[in-house]
Each structure stands twice: as structure tokens, then as C-alpha cells.
Participant: 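Right, I'll just put the structure down here and ask away after.
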Amino acid sequence: MDKTWSYYKQKLIESADGKYKAFNDPIVNCEYPTLGVRTPIIKKLAASVDLAERDNVLDGFFHDDDLSYDTVLFAGCLASKKGDYEITREYLTRMIPMFKSWAHVDCVVPCLKWVDKDRFLNDFSYLLDCDGQYEVRTYIIFLFECLTEERIDFVLKTLRSVEYGRYYVDMAAAWLLAECLVKFYDKTLKLFETPMFPVFVHNKAIQKARESFRISPDVKAYLNTLKIKRSAR
């Protein structure tokens, strides 16, 4: 028997944990109501859906007006499940604007490790021009999957083109820039020696890089000298 969206939604409702909900709600800071289902349970349930059933399940989801943080996360993970890229792209085009928490982005994007990186970057480049901060964040977080020697110049160029001033965009960019400093120090450093980013992004990236065990104490000390005093601007 085919399992419908109603079946999986009911499974999510049955998996709700009131204590976890109270703990998790302030963290995910979602615009939707929450059920309180733990992320591993949501991901496991999404993984259990056969690809042959995916269309039917997601069709039910897209026609459901009673959404929650948990159901959107489930649908996002299911939409990102390895399969036909064109179908996945169509699902994500509809899904990403429905993200209303940083956790939607950060939990779903790692499910896309299987896609062709260059194709995805090209197909979803429009996200950088979207008004929604979670759409922009999606593209930035996906750049983590693309952080290689071959793409570092593209990543840095992209980060310089972002419209900043939205908290979850700024945090994602700072986190990625910190990783760039750790992995590609020489190429990234010049963007901090001659500051190219807003004060918050600049300083937060330095903070995150200095927290890494992968760079030396001397490098950490030098990065600390590059922090911008807020009174300077």
C-alpha cells in the first residue's frame, strides 16, 4: 500500500516530544509552530520514503496549509534525497522559499552532497538576489560543499557580492569565511587586511577562525590584530 503525506505527517505528530520542543524552540527560532520532533527522527523518516513514493508524498505536503517546522524539515530532506537531479531541482525551487529557520537550511543542504556542484551553483544563483534571508543562506551554506582549491576564488567573489545586514545571512557568511581562512589562508587573508566585509561579518569570521585548532597560535594572534573596532565606523 502506498503511504501518503497524511501517513508521514501522523508519524511526525506521534514522535513529538514536549520537553525537546521546549528546549529546541528558542534555538531554531522558527516562524512556523513546532511539534518537537528530534532531527535524527525526522531525517530517518524522510530516508525511509521510497523514491517511487516521493512524488505522492510531496504533492500532499505542498497542498497542506497546516505546516510546522518539523513537517517542512521532513519535506526538505525528502526533496533533497538522492535521485533524478531535475526533479530535485524542481522540488527545491518550491521548497527553499518555505524555509523559515536557519535549521531548515543547515539540515537540508548537507543532504545535497550528491548533486553536481557546478550545476547547482548555476541553477540556484538567483537565491543570492532573493529578499528572504533563508534563501540567501541556503546558497552560502551550499558553498561549504564547494570549498575546494578549484572553487575558492569563486567562493570569495560570491561572498563579496552578498547583500549583508540580515543576521542569518551574516552568520553564514562569517562561518564560511572562517573556514576559508583556515583552509586557504593566503587567498582569504587579503580580504581582512583590507577589509571587504561589514564589521560584524569581518569580526565574527576572525573569531570563528581563531577558535579553530587547525591554525597556529601565531596566525591566531595576527588575525586578532585585524579585528575592527566598532567605533572605527
Side-chain angles (χ1 to χ4, degrees), residues 1-117 120 123-124 127 130 132-142 144-145 167-168 171-172 175:
M1 180 180 68
D2 290 340
K3 295 175 181 176
T4 65
W5 164 241
S6 297
Y7 170 86
Y8 290 102
K9 184 176 182 179
Q10 183 59 36
K11 285 292 184 182
L12 290 170
I13 293 171
E14 292 171 359
S15 300
D17 181 331
K19 290 184 178 179
Y20 178 72
K21 171 180 164 60
F23 164 78
N24 199 46
D25 279 5
I27 297 174
V28 298
N29 191 27
C30 188
E31 298 174 28
Y32 295 120
T34 64
L35 298 175
V37 185
R38 294 176 183 272
T39 301
I41 293 175
I42 295 174
K43 287 190 170 185
K44 184 176 180 180
L45 187 62
S48 73
V49 181
D50 190 277
L51 276 177
E53 299 176 342
R54 183 169 66 166
D55 288 350
N56 186 42
V57 174
L58 287 177
D59 182 65
F61 165 79
F62 286 124
H63 284 87
D64 189 347
D65 294 327
D66 181 26
L67 300 179
S68 66
Y69 162 80
D70 316 71
T71 58
V72 171
L73 180 53
F74 168 85
C77 292
L78 180 55
S80 304
K81 190 171 183 176
K82 187 175 182 179
D84 183 277
Y85 173 78
E86 290 297 333
I87 294 175
T88 298
R89 180 178 58 79
E90 291 176 10
Y91 283 143
L92 290 175
T93 300
R94 298 177 68 183
M95 276 298 315
I96 293 172
M98 301 174 75
F99 292 166
K100 301 299 180 184
S101 166
W102 64 267
H104 284 145
V105 177
D106 293 24
C107 291
V108 170
V109 170
C111 300
L112 296 166
K113 292 179 183 294
W114 61 273
V115 304
D116 181 296
K117 306 298 188 297
F120 185 95
D123 288 345
F124 288 92
L127 292 174
C130 290
Q133 64 175 326
Y134 301 115
E135 291 159 289
V136 181
R137 184 182 176 96
T138 297
Y139 197 85
I140 294 174
I141 295 299
F142 187 80
F144 274 89
E145 303 294 335
Y167 180 76
Y168 290 110
M171 284 296 293
W175 183 20

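As the structure is a prediction and not an experimental result, all values here were calculated from the model.
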Participant: Verify the ring-centre separation between Y8 and F74: is it less than 6.0 angstrom?
Facilitator: yes
Participant: For the pair S80 (side chain) and C77 (backbone), establish whether a donor and an acceptor sit closer than 3.5 Å, ignoring hydrogens and angles.
Facilitator: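 Pair absent, no side-chain N/O of S80 close to backbone of C77.
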Participant: Of all the heavy-atom pairs spanning H63 and D59, show the shortest one and how long it is.
Facilitator: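 Minimum heavy-atom contact is ND1-O, 2.8 Å.
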Participant: To the nearest 0.5 angstrom, please state how far the CG atom of N56 sits from the OH atom of Y7.
Facilitator: 14.0 Å
Participant: Find the distance between OG (S48) and CD (E53) and round it off to the nearest 0.5 Å.
Facilitator: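 Here the interatomic distance stands at 8.5 Å.
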Participant: State, yes or no, whether a side-chain contact exists between I96 and Y91 at a heavy-atom distance under 4.5 Å.
Facilitator: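 A side-chain contact is absent here, since even the closest heavy-atom pair is not under 4.5 Å.
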Participant: So which heavy atom on D50 is nearest to which on A52, and how close?
Facilitator: OD1-N, 2.7 Å
Participant: Which is it for Y139 and V105 under the side-chain contact (heavy atoms from CB on, under 4.5 Å) test, yes or no, and what are the steps along the way?
Facilitator: CA-CA 9 Å; Y139 197 85; V105 177; over 6 Å; no
Participant: Ring centroid separation for W5 and F62, is it under 6.0 angstrom?
Facilitator: no
Participant: For residues L67 and D64, report the shortest heavy-atom separation together with the two atoms involved.
Facilitator: CD2-O, 3.4 Å
Participant: Count the heavy atoms of every other residue, nucleotide or ligand shown that sit under 6.0 Å from NZ of K11, and state whether that count exceeds 12.
Facilitator: no
Participant: When you compare the side chain of K81 with that of C111, does any pair of heavy atoms fall below 4.5 Å?
Facilitator: no
Participant: Is K113 paired with E145 through a side-chain N to carboxylate O contact shorter than 4.0 Å?
Facilitator: yes
Participant: Taking all non-hydrogen atoms of both residues into account, name the closest pair between V37 and D70 and its distance.
Facilitator: N-OD2, 3.0 Å
Participant: Anything under 3.5 Å between a donor and an acceptor, one on a side chain of residues 26-35, the other on a protein residue two or more places apart or in another chain? List them.
Facilitator:
residue : atom : partner : partner atom : Å
N29     : ND2  : Y168    : OH           : 3.1
Y32     : OH   : M98     : O            : 2.7
T34     : OG1  : K21     : NZ           : 2.7
T34     : OG1  : D25     : OD1          : 2.6
T34     : OG1  : D25     : OD2          : 3.1

Participant: What I want to find out is whether R137 reaches D106 closely enough, with some N-O distance under 4.0 Å, to be called a salt bridge.
Facilitator: yes
Participant: Checking the side chain of R89 only, and the main-chain atoms of D123 only, is there a donor and an acceptor separated by less than 3.5 Å?
Facilitator: no
Participant: With side chains defined as the heavy atoms from C-beta onward, is the minimum distance between F142 and K117 less than 4.5 Å?
Facilitator: yes
Participant: Could you report the tightest heavy-atom contact between L78 and A46, atom names first, then the distance?
Facilitator: CD1-O, 3.8 Å
Participant: Between K3 and V57, is there a side-chain heavy-atom distance shorter than 4.5 Å?
Facilitator: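 No, every pair of side-chain atoms sits at 4.5 Å or beyond.
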Participant: Could you check if a side-chain atom of N24 sits within less than 4.5 angstrom of a side-chain atom of Y69, using non-hydrogen atoms only?
Facilitator: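 The answer is yes; the side chains approach within 4.5 Å.
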Participant: With heavy-atom distances below 4.5 Å as the criterion, would you say the side chains of D66 and K9 are in contact?
Facilitator: yes
Participant: How many angstroms lie between CH2 in W175 and CD1 in I141, if you round to the nearest 0.5 Å?
Facilitator: 5.0 Å
Participant: I want to check something: taking the side chain as every heavy atom from C-beta on, are S15 and L12 in contact at a cut-off of under 4.5 Å?
Facilitator: no
Participant: Could you state the interatomic distance from CG (L51) to CG (D84), rounded to the nearest 0.5 Å?
Facilitator: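 Here the interatomic distance stands at 9.5 Å.
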Participant: Counting C-beta onward and ignoring hydrogens, is there a side-chain heavy-atom pair between M95 and V108 closer than 4.5 Å?
Facilitator: no
Participant: Under the criterion side-chain contact (heavy atoms from CB on, under 4.5 Å), I'd like the reasoning laid out for T88 against W114: C-alpha separation, chi angles, the key distance, then a yes or no.
Facilitator: CA-CA 11 Å; T88 298; W114 61 273; 3.5 Å; yes
Participant: Short question: side chain of E135, backbone of G132 - any donor-acceptor pair under 3.5 Å?
Facilitator: yes
Participant: Run the ring-ring contact (aromatic ring centres under 6.0 Å, His included) check on Y167 and W102 step by step: do they pass?
Facilitator: CA-CA 10 Å; Y167 180 76; W102 64 267; over 10 Å; no
Participant: Could you measure the distance from the CD1 atom of I140 to the CG atom of L127? Nearest 0.5 Å is fine.
Facilitator: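 Interatomic distance, I140 CD1 to L127 CG, rounded to 0.5 Å: 10.5 Å.
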Participant: Looking at Y134, is its backbone amide N or carbonyl O close enough to the side chain of T138 to form a donor-acceptor pair, meaning the two atoms are under 3.5 Å apart?
Facilitator: yes
Participant: Kindly compute the distance separating CD1 (I42) from CG (L45), expressed to the nearest 0.5 Å.
Facilitator: 8.5 Å
